[in-house]
Participant: 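One structure is given below, represented as structure tokens, and several questions about it will come after.
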Amino acid sequence: MRFTAIIDGTIGSAVEQARALAGFLEEGLHAGAPGGPPGRPWSGLECETLAFYADDREREQLIALAPTIAVRLVRAPERRPDLLAATLAATAGEDGPDLFLFTSGQAGTEVAARLARRAGGSVLTGALDISLEPDRLLGRRQVYSNHMVGRFALTARPWCVAVDPGWAEARAPACEEHRVLSESDAIADASEPPFADLKLTDPPSAGDLAEARVVVVAGAGAGDRDGVARIAAAAERMGAAFGVTRPVAMNAWAPMERLIGVSGARVAPALAIVAGASGAPAFLWGIERAGVIVAVNSDEHAAIVGEADAVAVGDGVAVVEALAGLVAPPPDHG
Amino acid sequence: MRILVCFKVTPDYEALRDADWVAGPGDTVRSRYVRRVLNCFDESALELALRLREALTEREVAAGLGALSVGGRETEPFFATLHALGYERAARIEPEAALDYAPAATAALLAAYAQRFDRSDLLLLGSRCGPGDSGTVPALVAEELGWPCVTQVTEIEPTGGGLRVTCAADDGGLSLTVRPPCVLAVGNALVSHLRVPTLTDRLARRDLRADLLAPGDVGVDLAVALAGAPVTLEGLERIDRTRAGVVVEGDTPAEMARALFATHVEEAIARP
Ligand SMILES: Cc1cc2nc3c(=O)[nH]c(=O)nc-3n(C[C@H](O)[C@H](O)[C@H](O)COP(=O)(O)OP(=O)(O)OC[C@H]3O[C@@H](n4cnc5c(N)ncnc54)[C@H](O)[C@@H]3O)c2cc1C
Ligand SMILES: Nc1ncnc2c1ncn2[C@@H]1O[C@H](COP(=O)(O)O)[C@@H](O)[C@H]1O
């Protein structure tokens with residue numbers, strides 16, 4: 001069986017993509033049933049990385065990032081999922097890979113879906129793990145807005161799988177040795193490029209969230225813009241990073257880059273303090289890797305109560321402000 | 001410009017009780033008793049389309065609005081609202097089988113309607129919807145039509161030669177100009193609520209109904225579409241996210257904060 005991992009180096013997230021693929025290969029790809037023992041069961045498979053790049057200066061870095069020894073480089077125009085899909089479809093077929101592995105997000109999901117459609121294969125996005133059987137692929141992913149996990153079977157090849165974004169934090173050891181098998185150009189397209197005047201603006205999410213040791217989150221229970229601002233100020237006093245739930249961002253009570261959850265950032269602090277959030281699974285996904293979760297909610301029946309280590313049943317703003325007074329700010333903060 | 005918005009109506013999963021999150025017969029979750037809502041991204045798309053038409057009209061560009069859903073009768077009340085808001089075309093395709101986990105078949109129906117029936121120039125979709133949450137329908141529709149696709153769209157504005165679109169790309173906020181025909185999949189747009197129609201508008205358009213179509217009417221053989229992309233749901237599992245959930249004592253915020261600090265916070269912060 002053969003697989004190809006795809007890195008889209010024409011956009012600025014190649015490092016995160018490579019990390020997610022490496023993490024998935026280390027722990028998410030099984031030869032038996034999902035949940036079986038890890039340990040590179042795929043080492044017997046023929047595997048390679050196909051990296052697209054738009055700028056020659058990215059070549060060396062992409063080779064170094066590849067999660068497999070064998071690497072193929074393909075030069076492609078920037079942000080053209082349709083051309084990437086066409087190029088990959090040309091490699092599919094009888095002697096082509098059984099499995100194409102992508103990351104989630106724009107880089108992976110669109111290309112995976114387009115490729116499956118072009119090559120007559122099947123697509124699974126947001127894969128938590130997969131297992132390869134002789135005649136089918138079994139994979140699990142979140143469904144029902146993260147309330148449940150579904151088990152899916154894919155039969156038609158190639159199997160086009162985009163891995164869950166959570167794999168980006170798996171920190172698998174890098175592949176040290178690489179061999180470039182080929183260099184080529186993506187399938188060209190004579191028609192006019194569909195997008196013009198591309199401008200990249202702000203980063204996808206606030207930089208302080210990813211590495212924070214303490215994160216304080218304000219939910220809709222903060223009540224209004226003022227309540228959210230008071231929780232943000234308390235977070236700053238504690239030297240903590242500040243995040244919000246979707247309704248808070250949607251009300252423009254805080255910038256979108258502060259959003260935590262499946263549609264925003266995923267954090268892994270030692271401590272997460274969550275005030276006024278009900279604990280919906282789409283939000284919880286963003287903080288569930290925290291060492292300790294402490295919640296404040298006025299409703300003792302809120303879902304977050306069972307999802308936290310400790311809970312105060314009370315007013316979110318008042319309790320977080322009181323907590324800020326007890327947490328000594330770190331030396332470089334005051 | 002003929003704008004078509006594809007939307008889906010789902011049970012309000014947040015209104016489900018904790019005990020209901022178990023897989024019932026046919027791998028579905030019992031959710032009949034909760035109210036129906038517009039998928040959140042589709043709600044943004046429906047409102048963005050109204051605003052886009054206003055902006056186009058200001059520039060003296062003629063624009064028409066259509067709404068399309070693949071689903072059952074539960075969708076009807078939402079069509080009534082859309083008619084009242086000025087959507088002049090509306091269609092519901094009722095499939096013989098549930099397509100919640102069949103994004104390729106759903107996409108085939110949406111694309112066939114857009115191309116053969118509606119002759120749309122611009123398709124607006126949401127970036128994902130439950131219960132399947134595949135997030136692949138917009139790209140599959142674009143692939144069916146051979147159109148470009150922009151995903152995670154947050155703003156749409158008309159410009160001289162096309163549409164200026166802002167989206168949340170993997171590597172940051174991105175704006176670009178795209179010329180219809182194209183597919184736009186709406187993500188975390190700040191415009192997240194569909195406006196409420198006036199009673200007068202509701203009454204004036206209360207007799208309008210969405211066209212009811214079968215897959216065959218748009219030229220799609222559903223059995224073939226389903227067999228063409230065989231991804232089958234084999235089962236559902238509950239995710240266990242429970243932690244200790246210790247409720248701390250205290251009558252005032254200060255007392256509760258002290259209890260949280262003493263039992264959990266201080267130690268968590270000190271841990272290397
Ligand atoms: C496809 C999809 C993707 C999504 N992605 C995300 C995402 O990335 N991030 C995200 O957050 N959500 C996301 N959501 C939305 C998510 O499902 C929830 O709707 C959202 O997390 C709820 O936010 P909340 O807890 O702040 O608000 P609510 O659910 O309204 O909860 C407010 C809570 O505050 C409590 N409260 C009220 N007053 C007080 C007070 N004075 N003090 C303390 N507590 C109080 C209430 O008891 C309640 O529990 C997504 C949904 C979908 C469908
Ligand atoms: N049954 C449906 N009817 C109309 N539009 C749909 C349907 N299913 C999915 N869509 C559209 O496709 C988007 C993405 O859905 P999905 O890929 O299934 O997560 C949704 O936000 C809708 O805009």
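Reminder, nothing fancy here: chain letters follow the sequence lines and each chain counts from 1. Model, not experiment: these values are computed from the prediction.
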Participant: For residues Glu78(A) and Phe195(A), determine if any side-chain heavy atom of one lies less than 4.5 Å from a side-chain heavy atom of the other.
Facilitator: no

Participant: Can you tell me which portion of Val214(A) sits under 4.5 Å from chain B's heavy atoms? Options are side chain, backbone, both or neither.
Facilitator: side chain

Participant: Output yes when a side-chain donor or acceptor of Thr106(B) lies under 3.5 Å from a complementary backbone atom of Ala102(B), and no otherwise.
Facilitator: yes

Participant: Need one label for Ala249(A): side chain, backbone, both or neither, based on atoms under 4.5 Å from any heavy atom in chain B.
Facilitator: backbone

Participant: Indicate yes or no for a side-chain donor-acceptor contact from Ser13(A) to the backbone of Asp171(B) under 3.5 Å, with no hydrogens or angles considered.
Facilitator: no

Participant: Identify which part of Met256(A) has an atom lying under 4.5 Å from any heavy atom of chain B, answering side chain, backbone, both or neither.
Facilitator: side chain

Participant: Less than 4.5 Å apart, side chain to side chain, heavy atoms only: is that true for Val246(B) and Asp309(A)?
Facilitator: no

Participant: Quick one: what part of Asp8(A) sits under 4.5 Å from any heavy atom of chain B, side chain, backbone, both or neither?
Facilitator: neither

Participant: Select one option (side chain, backbone, both, neither) describing which atoms of Arg80(A) are under 4.5 Å from chain B's heavy atoms.
Facilitator: neither

Participant: Any side-chain heavy-atom pair from Leu194(B) and Leu50(B) closer than 4.5 angstrom?
Facilitator: yes

Participant: For residues Phe152(A) and Val143(A), determine if any side-chain heavy atom of one lies less than 4.5 Å from a side-chain heavy atom of the other.
Facilitator: yes

Participant: Can you check whether anything in residues 177-184 of chain B gets within less than 4.5 Å of chain A, heavy-atom wise, and list it by number?
Facilitator: Thr177(B), Val178(B), Arg179(B)

Participant: At their closest point, which heavy atom of Ser104(A) faces which heavy atom of Asp170(B), and how far apart are they?
Facilitator: O-OD2, 4.1 Å

Participant: Chain B: which of Gly314(A), Ser145(A), Ala282(A) shares the most heavy-atom pairs with it under 4.5 Å?
Facilitator: Ser145(A)

Participant: Is a side-chain N or O of Ser122(A) found less than 3.5 angstrom from the main chain of Val231(B), in a donor-acceptor match?
Facilitator: no

Participant: For the interface with chain B, which of Leu137(A), Val313(A), Asp202(A), Leu154(A) has the highest count of heavy-atom pairs at distances below 4.5 Å?
Facilitator: Asp202(A)

Participant: Sort Thr159(B) into side chain, backbone, both or neither according to what part of it lies under 4.5 angstrom from a heavy atom of chain A.
Facilitator: neither

Participant: Give, as side chain, backbone, both or neither, the part of Asp82(A) having an atom under 4.5 angstrom from any heavy atom of chain B.
Facilitator: neither

Participant: What are the two closest non-hydrogen atoms of Arg128(B) and Asn39(B), and how far apart are they?
Facilitator: O-ND2, 2.9 Å

Participant: For Glu47(B) versus Val191(B), what's the shortest heavy-atom pair and its separation?
Facilitator: CG-CG1, 3.2 Å

Participant: What part of Ile11(A) lies closer than 4.5 angstrom to a heavy atom of chain B: side chain, backbone, both or neither?
Facilitator: both

Participant: Using non-hydrogen atoms only, which part of Glu144(B) is less than 4.5 Å away from chain A: side chain, backbone, both, or neither?
Facilitator: both

Participant: Counting only non-hydrogen atoms closer than 4.5 Å, does Ser278(A) touch chain B with its backbone (N, CA, C, O), its side chain (CB onward), both, or neither?
Facilitator: neither

Participant: Is there side-chain contact between Arg51(B) and Glu155(B), with heavy atoms separated by less than 4.5 Å?
Facilitator: no

Participant: Determine whether Ile287(A) and Val215(A) make a side-chain contact, defined as any pair of heavy atoms from C-beta on separated by less than 4.5 Å.
Facilitator: no

Participant: Measuring heavy-atom distances to chain A, does Val137(B) have an atom under 4.5 Å in its side chain, in its backbone, in both, or in neither?
Facilitator: neither

Participant: Identify the two heavy atoms, one from Lys8(B) and one from Asp100(B), that lie closest to each other, and give their separation to 0.1 Å.
Facilitator: NZ-OD1, 2.7 Å

Participant: If we ignore hydrogens and angles and just use 3.5 Å, is the side chain of Gln115(B) paired with the main-chain N or O of Ala111(B) as donor and acceptor?
Facilitator: no

Participant: Ignoring hydrogens and geometry, is there a side-chain-to-backbone donor-acceptor pair from Gln106(A) to Thr151(B) under 3.5 Å?
Facilitator: yes

Participant: With only heavy atoms counted, which part of Ala308(A) is less than 4.5 Å from chain B, the side chain, the backbone, both or neither?
Facilitator: backbone

Participant: In terms of heavy-atom proximity below 4.5 Å to chain A, should Arg258(B) be classed as side chain, backbone, both, or neither?
Facilitator: both

Participant: Quick one: sort the Tyr144(A) and Trp21(B) rings into parallel, tilted or perpendicular, breaks at 30° and 60°.
Facilitator: perpendicular

Participant: Decide yes or no on side-chain contact (heavy atoms from CB on, under 4.5 Å) for Ile304(A) and Val311(A), but give the supporting numbers first.
Facilitator: CA-CA 8 Å; Ile304(A) 191 76; Val311(A) 184; 5.8 Å; no

Participant: Where does Arg114(A) contact chain B at under 4.5 Å (heavy atoms): side chain, backbone, both or neither?
Facilitator: both

Participant: Who wins among Glu257(A), Arg79(A), Glu300(A), Gln17(A) for the most heavy-atom pairs under 4.5 Å with chain B?
Facilitator: Arg79(A)

Participant: Non-hydrogen contacts under 4.5 angstrom with chain A: give the residues of residues 235-245 of chain B involved, or none if there are none.
Facilitator: Gly235(B), Leu236(B), Glu237(B), Arg238(B), Ile239(B), Arg241(B), Thr242(B), Arg243(B), Ala244(B), Gly245(B)

Participant: Where on Val15(A) is there a heavy atom nearer than 4.5 Å to chain B: the side chain, the backbone, both, or neither?
Facilitator: neither

Participant: Does any backbone or side-chain atom of Val292(A) lie under 4.5 Å from a heavy atom of chain B? Answer side chain, backbone, both or neither.
Facilitator: both

Participant: Tell me, for Ile293(A) versus chain B, whether the close heavy atoms (under 4.5 Å) come from the side chain, the backbone, both or neither.
Facilitator: both

Participant: Mind checking whether Asp42(B) and Val9(B) have side chains closer than 4.5 Å, heavy atoms only?
Facilitator: no

Participant: Counting only heavy atoms closer than 4.5 Å, note whether Asp315(A) contacts chain B via side chain, backbone, both or neither.
Facilitator: neither

Participant: If only atom types and distance count, is the side chain of Thr166(B) paired as donor or acceptor with the main-chain N or O of Thr154(B) below 3.5 Å?
Facilitator: no

Participant: Which bit of Asp18(B) comes within less than 4.5 Å of chain A, counting heavy atoms only: side chain, backbone, both or neither?
Facilitator: neither

Participant: So does Arg35(B) pair up with Asp12(B), basic N to acidic O under 4.0 Å?
Facilitator: yes

Participant: Identify which part of Ala189(B) has an atom lying under 4.5 Å from any heavy atom of chain A, answering side chain, backbone, both or neither.
Facilitator: backbone

Participant: With a 4.5 Å limit on heavy-atom distance, are the side chains of Arg271(B) and Leu271(A) in contact?
Facilitator: no

Participant: Most heavy-atom pairs under 4.5 angstrom with chain B, which of Val123(A), Thr103(A), Val317(A), Asn146(A)?
Facilitator: Asn146(A)

Participant: Does any backbone or side-chain atom of Ala169(B) lie under 4.5 Å from a heavy atom of chain A? Answer side chain, backbone, both or neither.
Facilitator: both

